[in-house]
Amino acid sequence: MYNSKIIGLGHYVPENVVTNEELSTMMDTNDEWIQERTGIRERRWVKDSGDTTSTMGVKAAKKAIERAGIDKDDIDFIVFATLSPDMYFPGPGVQVQKALDIKTVGAIDIRNQCSGFIYGISVADQFIKTGMYKNVLVIGSELHSHGLDKTTRGRGVSVIFGDGAGAAILTREEDPSKGILSTHLHSEGEHAEELSLVAPGMGKRWVSDIIADNDPNDESYYPYMNGQFVFKNAVVRFSEVIMEGLIANKLEVDDIDMLIPHQANLRISQFIQKKFKLEDSQVFNNIQNYGNTTAASIPIALTEAWEQGKIKEGDTVVLAAFGSGFTWGSAIIKW
Ligand code: UT7
């Protein structure tokens, strides 16, 4: 059995900055409400760049590959996490393969929303552990802005989400005390519809139903979130899954050098920080600049933390996420 370790990170966000002020020209909202409830000051929304979920993923992946110092043909497997694929099928994993001109390696798509990147690195880690693959490309990318209700009706959801992508190259690590020490994955399907996008879906409501109804009040193709219920579950599950990871590795809260929580809401991150009595320097947040980019939020934050020199060799890095599904998870990494 091997461990896996991250040897290259990259991110990409579209150029177009959308401030809270700008949102208040589209819907009945304001900077004060958004900052007070979420901590978000601005987000990136694709405008004229022509970016899609897969093209943003490719841009992030190119940086990660370059920084890893490997060739794209050294990649043995591609894992792509997103809730906003370019096409209904196939998923964006194969689009990345085509764009990067990678030979016929396997490509898998992960549908775990905010926890997608943690599920993704866990999948990659298992393949590397068994020796099946040596180098795995893991991408988290989202293009929310095309699918949001940008009117007052959708303000409870639309002000939160942003576009962007992050990527990591995982490779084999022979020293069992280094790299990804463990990952912990959970889900609770009972609450699947509390944060969901039901249409178009083959089960309930397909495109033909939407067209046939031609209903201007149809909200089924916009994301729905029971915000307070999600918030309450998030703070509990974040705490549980971080502790689960620490206990599994006989670590204490004091051993955490850097916690990178999924950027769902700054208030959630602050709640966790306070609960675990962590210093500001031990928790990385960038939701202020990007909003919630779901599967992309952890790899974007991880890349920025690394670029800013906030993650050093030997550090204990904890990743944790919670979101739609509900799904949640953590990863404990010895950098
Ligand atoms: O990443 C996946 C996981 N997601 C999360 O963890 C998100 C968890 N939930 C949250 O972060 C919060 O619930 C939100 C930030 C989404 C909402 O904050 P809240 O404090 O739960 O607000 P609320 O939905 O209860 O709404 C409070 C009020 C309502 O008005 P009334 O009914 O009190 O008159 C809303 O209509 O705020 C109103 N409101 C807004 N006002 C201005 C909702 N959205 C907005 C808005 N601007 N954008």
Side-chain angles (χ1 to χ4, degrees), residues 18-43 45 81-84 110-119 140-142 144-145 147-164 166 186-188 191-197 219 222-242 260-273 275 285-288 290-301 319-330:
V18 179
T19 62
N20 294 343
E21 296 293 345
E22 203 175 331
L23 289 185
S24 68
T25 65
M26 305 174 197
M27 59 186 89
D28 181 12
T29 190
N30 57 77
D31 180 53
E32 195 190 349
W33 190 97
I34 299 171
Q35 287 218 42
E36 195 182 303
R37 309 273 177 142
T38 70
I40 300 167
R41 288 196 300 263
E42 57 191 42
R43 74 285 295 137
W45 280 359
T82 190
L83 62 71
S84 50
I110 303 268
R111 293 288 310 269
N112 287 78
Q113 300 68 248
C114 304
S115 313
F117 187 74
I118 292 191
Y119 270 75
S141 180
E142 301 290 3
H144 283 291
S145 60
L148 297 172
D149 179 358
K150 296 176 187 125
T151 68
T152 299
R153 184 179 68 176
R155 66 182 180 175
V157 173
S158 302
V159 302
I160 296 166
F161 292 106
D163 303 337
H186 295 277
S187 57
E188 193 175 28
H191 303 309
E193 294 196 13
E194 302 295 350
L195 175 45
S196 59
L197 179 62
E219 294 178 57
Y222 291 121
Y224 165 78
M225 174 162 68
N226 182 350
Q228 295 197 3
F229 185 72
V230 174
F231 192 104
K232 282 179 197 152
N233 278 268
V235 291
V236 173
R237 298 308 193 184
F238 262 109
S239 307
E240 276 177 12
V241 83
I242 291 168
I260 303 202
H262 158 55
Q263 303 291 292
N265 182 325
L266 191 60
R267 306 296 159 238
I268 295 177
S269 297
Q270 288 167 336
F271 179 93
I272 305 300
Q273 178 175 345
K275 183 165 179 185
N285 289 302
N286 60 6
I287 190 170
Q288 302 90 327
Y290 302 125
N292 178 345
T293 57
T294 51
S297 95
I298 289 184
I300 293 175
L319 312 180
F322 174 88
S324 163
F326 291 153
T327 60
W328 61 101
S330 65

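Heads up: numbering here begins at 1 and tracks the sequence. Atom set for the values below is all heavy atoms of this structure, side chains included, hydrogens, waters and symmetry mates excluded. Ligands are counted one by one from 1 in listed order, and the atoms in each one are counted from 1 as well.
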* Structure fact -> Quick note on ligand 1: atoms under 4.0 Å from a heavy atom of Asn265 include exactly 10 (C), 11 (O), 15 (C)
* **ligand 1 to Gly227 polar contact by distance, N or O atoms, under 3.5 Å** => yes
* Closer than 4.0 Å: a protein non-hydrogen atom to atom 47 (N) of ligand 1 -> yes
* Structure fact -> of all protein heavy atoms, closest to atom 1 (O) of ligand 1 is Asn292 ND2, 2.6 Å
* Which atom names give the shortest non-hydrogen contact between His262 and Ile298, and what distance separates them? -> CA-CG1, 3.7 Å
* Does Met27 come within less than 4.0 angstrom of ligand 1, counting non-hydrogen atoms of the residue? -> no
* For atom 43 (C) of ligand 1, decide whether some protein heavy-atom distance is shorter than 4.0 Å. => yes
* To do: Could you tell me which atoms of ligand 1, counted from 1 in the order shown, lie closer than 4.0 angstrom to a heavy atom of Gly156?
  => 16 (C), 44 (N)
* To do: Considering the heavy atoms of Ile160, write down every atom of ligand 1 situated less than 4.0 Å from one of them.
  => 16 (C)
* Asked: For ligand 1, is any non-hydrogen atom under 4.0 Å from Gln113's backbone (N, CA, C, O), its side chain (CB onward), both, or neither?
  -> neither
* Structure fact -> Tightest non-hydrogen contact, residues Ile40 and Gly291, listed as CD1-CA, 3.8 Å
* Sub-4.0 Å atoms of ligand 1 with respect to non-hydrogen atoms of Val159 -> 48 (N)
* Atom indices of ligand 1, in the order listed, that fall short of 4.0 Å to a heavy atom of Phe231 -> 8 (C), 9 (N), 10 (C), 11 (O)
* Whether over 12 other heavy atoms sit under 6.0 Å from Arg111 CZ -> no
* **Parallel, tilted or perpendicular, as decided by the 30° and 60° cut-offs, for the rings of Phe322 and Trp328** => tilted
* To do: Measure from atom 13 (O) of ligand 1 to the protein's non-hydrogen atoms and state whether any distance is below 4.0 Å.
  => yes
* Does atom 9 (N) of ligand 1 have a protein non-hydrogen atom under 4.0 Å from it? -> yes
* To do: Return a yes/no value for Arg155: is any of its N or O atoms, backbone included, closer than 3.5 angstrom to an N or O of ligand 1?
  => yes
* Which segment of Thr29 sits under 4.0 Å of ligand 1 when only heavy atoms are counted -> both
* Mind checking the CZ-CD1 spacing from Arg41 to Ile34? Nearest 0.5 Å is all I need. => 13.0 Å
* Is a side-chain donor-acceptor pair under 3.5 Å present for Glu42 with Thr19? -> no
* **Distance from atom 37 (O) of ligand 1 to nearest protein heavy atom, with residue and atom** => Trp33 NE1, 3.1 Å
* **atom 34 (O) of ligand 1: any protein heavy atom closer than 4.0 Å** => no
* Taking only heavy atoms of Thr38 into account, list the atoms of ligand 1 that are under 4.0 Å away from them. => 15 (C)
* **Check: Asn286 main-chain N/O paired with Gln263 side-chain donor or acceptor under 3.5 Å** => yes
* Within the structure, does Thr294 bring an N/O atom to less than 3.5 angstrom of an N/O atom in ligand 1? -> no
* Asked: What protein heavy atom is closest to atom 21 (O) of ligand 1, reported as residue, atom name and distance in Å?
  -> Gln228 CG, 3.1 Å
* Protein contact to atom 22 (O) of ligand 1 [nearest heavy atom, distance to 0.1 Å] -> Arg37 NH1, 3.3 Å
* Protein heavy atom at shortest distance from atom 4 (N) of ligand 1 -> Val230 CG1, 3.6 Å
* Would you mind listing which atoms of ligand 1 come within a distance below 4.0 Å of any non-hydrogen atom of Ile268? => 6 (O)
* Residue portion contacting ligand 1 (non-hydrogen atoms closer than 4.0 Å) for Met225 -> side chain
* Taking atom 2 (C) of ligand 1 as the reference point, the nearest protein heavy atom with its distance -> Cys114 SG, 3.1 Å
* Do Gln113 and Thr294 have side-chain atoms, one donor and one acceptor, less than 3.5 Å apart? -> no
* Applying a 4.0 Å heavy-atom criterion (strictly less than), which segment of Leu195 is in contact with ligand 1: side chain, backbone, both, or neither? -> side chain
